[in-house]
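The next block holds one structure in the form of structure tokens; read it before the comments.
Per chain, numbering begins at 1; letters A, B, ... match sequence-line order.
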Amino acid sequence: MSGGIAVETLSEAEARTELARLSKEIARANTAYHGEDTPEISDADYDALKARNAAIEAAFPHLKRSDSPSEQVGASPSEAFSKVTHEQRMLSLGNAFDAGEVAEFDARIRRYLGLGPEAPLTYTSEPKIDGLSLSLRYENGRLIQAATRGDGQVGENVTANARTIDDIPERISGAPALLEVRGEVYMSHADFAALNVRQTERGAKTFANPRNAAAGSLRQLDATITQARPLRFFAYAWGALSEPLAETQMGAIDRLGALGFVTNDMTRLCDGPKEMLAHYETIEQARATLGYDIDGVVYKVNDLGLQARLGYRSTTPRWAVAHKFPAELAWTRLEAIDIQVGRTGALSPVARLAPVTVGGVVVSNATLHNEDYIAGRDNKGMEIRDGKDIRVGDWVQVYRAGDVIPKIADVDLTKRPEGAAPYEFPTVCPECGSDATREEGDAIRRCTGGLICPAQAVEKLKHFVSRAAFDIEGLGAKQVEMFHADDILPVREPADIFTLRARDAENVSKLAKRDGWGVTSAANLFQAIEDKREIEMSRLLFALGIRHVGEVAAQDLAQHYQSWEALTSALDTARPAALARRAADEAADAERRAAAEDGRRARVSEARARAFAARNVPDESAAIWDDLIAADGIGPVMALSLSDAFANPDERGAIDRLVAELRSILPPETRADDSPVAGKTVVFTGSLEKMTRAEAKARAESLGAKVSGSVSAKTDLLVAGPGAGSKAVKAAELGIETIDEDGWLSLIGDA
DNA sequence: GTGCCTCGAGTTCC
DNA sequence: CTCGAGGCAC
């Protein structure tokens, strides 16, 4: 439907007619896609329509219509809203599930700040709204942008839709010149019920719960639909600011209220865990009468100065926690257990359930984790579910962990059908028939088929094109499966992606002629692939899907070696040492076992040394291996996994074929060192008076410094408080710069 | 050797 | 989002 005549040969009149037709079709597809009806066309067809529209507009710019689909808020279902990078990350919260964990939260904060158990410490306590987080950016009192949370770093621009929400003011006065207000968009129970009545009357799909209704409404391409939906907004936090809002959390919330935002009237100040738990009870009891969904209570350290000192862990602030309500439970029947095979060959059991509503969502699948989990044991062999195993036909109790992932909490043995047998976990891969084995001490059984296994091959390819890896537009999971199964234009390994265009050109059955594809969509895909012949080294490394080498490890490795050649030659040289290391590990294990058997003390290090020496590793190889495992974040397990992948002829062949297709592998960007301590190795010694040790370390690391515990030749700076002993002496001997706590604070500009 | 903390991998539903 | 496991500090 999208193909039509080649754009270059269109007459002006034809182009005009075609643009009108496309505009209409796309508008109809938009309405259909976004909830008013069931989708009528596939995403690929939709993208093809948009692509053709864009191509014609490019060829005849003067014919572009005022209602051109390319001008509308959304571009396509997959890239409907433009991306917005949050100036301040939008983080999630850590969780607490009982009184003990709340007390632990308080204790952790006191420890970190160096406060005794009796020192006064105030928290705010407020209901946790079950909606969607939104960040509103105000400049000089005007709303200029609204963005969803997304992955925390990058969200979606939903400004036009946010402007239709009554609780969100267009203008505010008396605010800082720059103010990002954060809060939750939600729908009340009453509005949700009324909306579903209207949906039913119109024969449209109803929403499963208020949260989904709010999410669906906010993500409308057509802001007039959002306007018709009764969305509300509670403000409870902030992002980037040109000046502080207040000195306390409570003060800031009051300030937001004064600026015209709706804040939650159940927010209270509490003097410690006891009062926090009491307020939790109050909120839990009010839950049914609030008129909107909440899923817990949030506690935050009230003093903003202390919040700043506490700072953040990788994904959560240290100064706040969400105390979640107990998860909703539901009983249903387990109809079957299926096995999925992941990219590393992991066999993952999935429960197929008789559909049941849990927490407002119909659940029909649940994860069963692994073999032991089904049998009723955890990874340490301890009983879970009182040791009850799970059998097909059982009545099982389902909950959604973190309100998302369905899991099985319990089994009703009284309802177990007669003759139900314990589940027998397969020992061969259900996809390829290879042996599926379990390493000692490992919880997961893995298919040994490697790339012979079609499931592993496809999953590996999906990983290769995924967002954090090659991120090829128009080549998602679905397309990868299609190409992998294709006999005419097969993609069986990463290099095949890059030869796709050339092979297509030589083929009679062109991609552009296929169902769901058109000239432009095929051309767009080929272009997207061409664009990725230039790729960052860390992405390439991550994309290979080597076990234990994730996004972060790939970045660490790129940082360490700087170039692809340096990395590969290091791995090649280090191979003998890697093999010797494995032999030593195995010898150590064997010795431990043998010793346990005949009840003597194990002589592990000797066995280890003997096995290593027997390998006669060249000095150069050993040196490179040592350098590899000394790299930041890289240990022997990762190093061995890497070494294996690059030494395996099949895998290495695929890697080399891929690299040959690439134009350039970009070295990592050297981190901008805008702080005076970036890249320096710092040691703290003696007592610190204005901050605790943990705090000093976290602060230094956030400025790009590496904090070490002992002084060595690698140390750049020693921060010595009163009572500094041997470390200060050693630093003096080595001629290392030494400063005191105040010197450190003024150095980093925190005086 | 032990105990954090972070990373990797797998998963559900829309 | 959660669990298991690797890395690293103590």
**Report entry** Any A:Asn95 side-chain N or O less than 4.0 Å from OP1/OP2 of C:dC1
**Finding:** no
Requested in this report: State whether A:Lys407 places a side-chain N or O below 4.0 Å from either non-bridging phosphate oxygen (OP1 or OP2) of C:dC1.
Outcome: no
Query raised in the report: So A:Glu551 and A:Arg539, salt bridge (Lys or Arg N to Asp or Glu O under 4.0 Å) or not? Walk me through it.
Result: CA-CA 8 Å; A:Glu551 217 178 325; A:Arg539 278 180 182 264; over 6 Å; no
Report summary line: A:Ala443 has its side chain closest, among C:dA5, B:dC14, B:dG8, to C:dA5
Report summary line: A:Val361 has its side chain closest, among B:dT12, B:dG10, B:dC14, to B:dC14
**Report entry** N/O (side chain, A:Ser364) to phosphate O (OP1/OP2, B:dT12) under 4.0 Å
**Finding:** no
Query raised in the report: Nearest to the side chain of A:Arg547 - C:dG4, B:dA9, C:dC1?
Result: B:dA9
Requested in this report: Would you check if the distance from the ring center of A:Phe542 to the ring center of A:His463 is below 6.0 Å?
Outcome: yes
Query - A:Asp130 CG - B:dC13 C1' separation (whole Å) - result: 14 Å
Query raised in the report: Separation of A:Glu551 atom CD from C:dG6 atom P, in whole Å?
Result: 20 Å
Query raised in the report: Over how many whole Å does the gap from A:His369 atom NE2 to B:dT11 atom C1' extend?
Result: 9 Å
Query raised in the report: Is the phosphate of B:dA9, meaning OP1 or OP2, less than 4.0 Å from a side-chain N or O of A:Arg343?
Result: yes
Query - Trace of the salt bridge (Lys or Arg N to Asp or Glu O under 4.0 Å) decision for A:Asp626 with A:Arg581 - result: CA-CA 11 Å; A:Asp626 289 343; A:Arg581 166 76 195 222; over 6 Å; no
Report summary line: In whole angstroms, the gap separating C1' of B:dC5 from CG of A:Asp632 amounts to 14 Å
Query raised in the report: Which whole-number value in Å describes the distance from A:Arg149 CZ to C:dC1 P?
Result: 7 Å
Report task. For A:Phe542 and for A:Arg352, locate the closest nucleotide of DNA chain B by heavy-atom distance; then report the residue assigned to the nucleotide nearer the 5' terminus. Result -> A:Phe542
Query - Heavy-atom side-chain proximity of A:Arg400 to A:Val363 below 4.5 angstrom - result: yes
Query raised in the report: A:Val363 or A:Arg111: which one's nearest nucleotide on DNA chain B is closer to the 5' end?
Result: A:Arg111
Query raised in the report: Is any side-chain heavy atom of A:Tyr292 closer than 4.5 Å to a side-chain heavy atom of A:Ile129?
Result: yes
Report summary line: From the candidates B:dC13, C:dC1, C:dG7, the one with an atom nearest any side-chain atom of A:Ser92 is C:dC1
Query raised in the report: Between C:dT2, C:dG7, B:dA9, which nucleotide gets closest to the side-chain atoms of A:Val637?
Result: C:dG7
Query raised in the report: Could you give the CD-to-P distance, from A:Glu371 to C:dG4, as a whole number of Å?
Result: 14 Å
Query raised in the report: Rounded to the Å, how far apart are A:Ile546 CD1 and C:dG6 P?
Result: 16 Å
Query raised in the report: Judged by modelled atom types alone, do A:Asn196 and A:Thr206 share a side-chain donor-acceptor pair under 3.5 Å?
Result: no
Requested in this report: Indicate, with a heavy-atom threshold strictly under 4.0 Å, whether A:Ala553 touches base, sugar-phosphate, or nothing.
Outcome: sugar-phosphate
Query - Rounded distance in Å - CE (A:Met638) to P (B:dT6) - result: 14 Å
Report task. May I ask you to verify if any side-chain N or O of A:Thr367 is less than 4.0 angstrom from the OP1 or OP2 atom of B:dT12? Result -> no
Query raised in the report: Distance check: side-chain N/O of A:Gln340 vs OP1/OP2 of B:dT11, anything under 4.0 Å?
Result: yes
